[in-house]
Peer 1: 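The structure under discussion is supplied below as structure tokens; questions concerning it will follow.
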Amino acid sequence: FFSSRRRHTRYIGDWSSDVCSSDLGYLGTDLMSVNPNIRLVTCPFTGEAIPAVPAINPDVAIIHAQRADRQGNVLIAGIVGVQKEVAMASRHVIVTVEEIVDDLGDTMNRTVLPHWILSAVCLGPGGARPSYAHGYYARDNAAYLAWDAVAADRGRFIAWLGETISTEAAARLEALT
């Protein structure tokens with residue numbers, strides 16, 4: 001178990017070329033007893049035992065964002081979560097965007113992923129659905145509620161794939177079972 005903030009710490013560990021990240025938030029919890037990836041290390045400055053977690057270094061990150069400019073720089077606006085850290089920690093980064101523009105413009109609370117860390121930028125309007133893309137469309141809450149029933153039943157999931165994604169994808173998934 002790693003919370004969202006804790007995953008953030010692990011991505012930063014890899015982004016900064018560290019093999020692990022320290023996280024004092026695990027002290028006083030029982031998580032170290034149930035998660036072997038949380039280990040105590042000795043602080044070289046104080047001698048104290050500090051919880052550490054291994055860095056996350058994905059082979060590929062796939063991210064959806066609002067805009068890319070023609071040079072391949074990508075703007076992510078709104079609540080960005082750990083997308084920047086995931087991109088920086090990954091060996092390859094594929095980004096889908098709502099639109100490709102000449103100039104990213106000035107946007108408050110924005111993050112720009114520079115072209116030199118990206119492997120590909122693809123135009124993919126609506127690529128965040130049923131989630132939202134800040135400034136483009138809202139989250140589809142009904143789709144999330146309907147998903148609970150789909151995800152709970154394999155047969156219904158296979159049918160959903162055929163209706164929503166493609167009949168070829170559904171057949172490939174069915175062949176795996």
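Computation of the quantities below employed the complete heavy-atom set of this structure, encompassing side-chain atoms and omitting hydrogens, waters and symmetry-equivalent molecules.
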Peer 1: For residues V53 and N37, determine if any side-chain heavy atom of one lies less than 4.5 Å from a side-chain heavy atom of the other.
Peer 2: no

Peer 1: Kindly give the cluster partners of Y144, where membership spreads through any ILVMFWY side chain lying under 4.5 Å from a current member.
Peer 2: none

Peer 1: Please list, chain by chain and in numerical order, all residues satisfying side chain to side chain contact (heavy atoms under 4.5 Å, CB included) with D69, sequence neighbours excluded.
Peer 2: Q71, N73, L104

Peer 1: Give every residue pair that meets the salt bridge (Lys or Arg N to Asp or Glu O under 4.0 Å) criterion with at least one member in residues 130-148, sequence neighbours excluded.
Peer 2: none

Peer 1: Mind checking side chain to side chain donor-acceptor pair (under 3.5 Å) for H64 and listing every partner two or more places apart, or none if nothing turns up?
Peer 2: T96, E98

Peer 1: Cluster question for you: counting only ILVMFWY and a side-chain heavy-atom cut-off of under 4.5 Å, with indirect links fine, are L145 and W147 together?
Peer 2: no

Peer 1: Taking the hydrophobic residues Ile, Leu, Val, Met, Phe, Trp and Tyr, and joining any pair whose side-chain heavy atoms are under 4.5 Å apart, which ones share a cluster with I79?
Peer 2: Y132

Peer 1: Taking only residues two or more places apart in sequence, or in another chain, which ones meet R129 in a side chain to side chain donor-acceptor pair (under 3.5 Å)?
Peer 2: none

Peer 1: Grab the two heavy atoms, one from D103 and one from V101, that are nearest each other, plus how far apart they are.
Peer 2: O-CG2, 3.2 Å

Peer 1: Shortest non-hydrogen contact from S22 to I50?
Peer 2: CB-CG2, 3.5 Å

Peer 1: Taking all non-hydrogen atoms of both residues, which atom of A143 and which atom of P130 are closest, and how far apart?
Peer 2: CB-CB, 3.6 Å

Peer 1: For residues 58-67, which residue pairs qualify under salt bridge (Lys or Arg N to Asp or Glu O under 4.0 Å), counting only residues two or more places apart or in two chains?
Peer 2: D59-R91

Peer 1: Considering residues at least two apart in sequence or located in another chain, which fulfil the side chain to side chain contact (heavy atoms under 4.5 Å, CB included) criterion with A52?
Peer 2: C20, V41

Peer 1: Check side chain to side chain donor-acceptor pair (under 3.5 Å) between S33 and all other residues, then give those that pass, not counting sequence neighbours.
Peer 2: none

Peer 1: I need the minimum non-hydrogen distance between A87 and I63, along with the two atoms involved.
Peer 2: CB-CD1, 3.9 Å

Peer 1: Of all residues at least two apart in sequence or in a different chain, which pass the side chain to side chain donor-acceptor pair (under 3.5 Å) check with R70?
Peer 2: D102

Peer 1: Quick one: side chain to side chain contact (heavy atoms under 4.5 Å, CB included) partners of T29, sequence neighbours excluded?
Peer 2: Y26, L31

Peer 1: Apply the test side-chain contact (heavy atoms from CB on, under 4.5 Å) to residues V112 and V74: give CA-CA distance (whole Å), side-chain angles for both, the deciding distance (0.1 Å), then the verdict.
Peer 2: CA-CA 5 Å; V112 175; V74 170; over 6 Å; no

Peer 1: Could you check Q66 against I76 for side-chain contact (heavy atoms from CB on, under 4.5 Å), going step by step and ending with a plain yes or no?
Peer 2: CA-CA 6 Å; Q66 283 85 353; I76 306 171; 4.2 Å; yes

Peer 1: Can you tell me how far apart CD1 (I158) and CD (E163) are? Round to the nearest 0.5 Å.
Peer 2: 11.5 Å

Peer 1: Please set out all donor-acceptor pairs under 3.5 angstrom arising from side-chain atoms of residues 116-125, sequence neighbours excluded.
Peer 2:
from, atom 1, to, atom 2, distance (Å)
S119, OG, H92, ND1, 3.4
S119, OG, V93, N, 3.2

Peer 1: Just by distance, do the side chain of Q83 and the backbone of V80 share a donor-acceptor pair under 3.5 Å?
Peer 2: yes

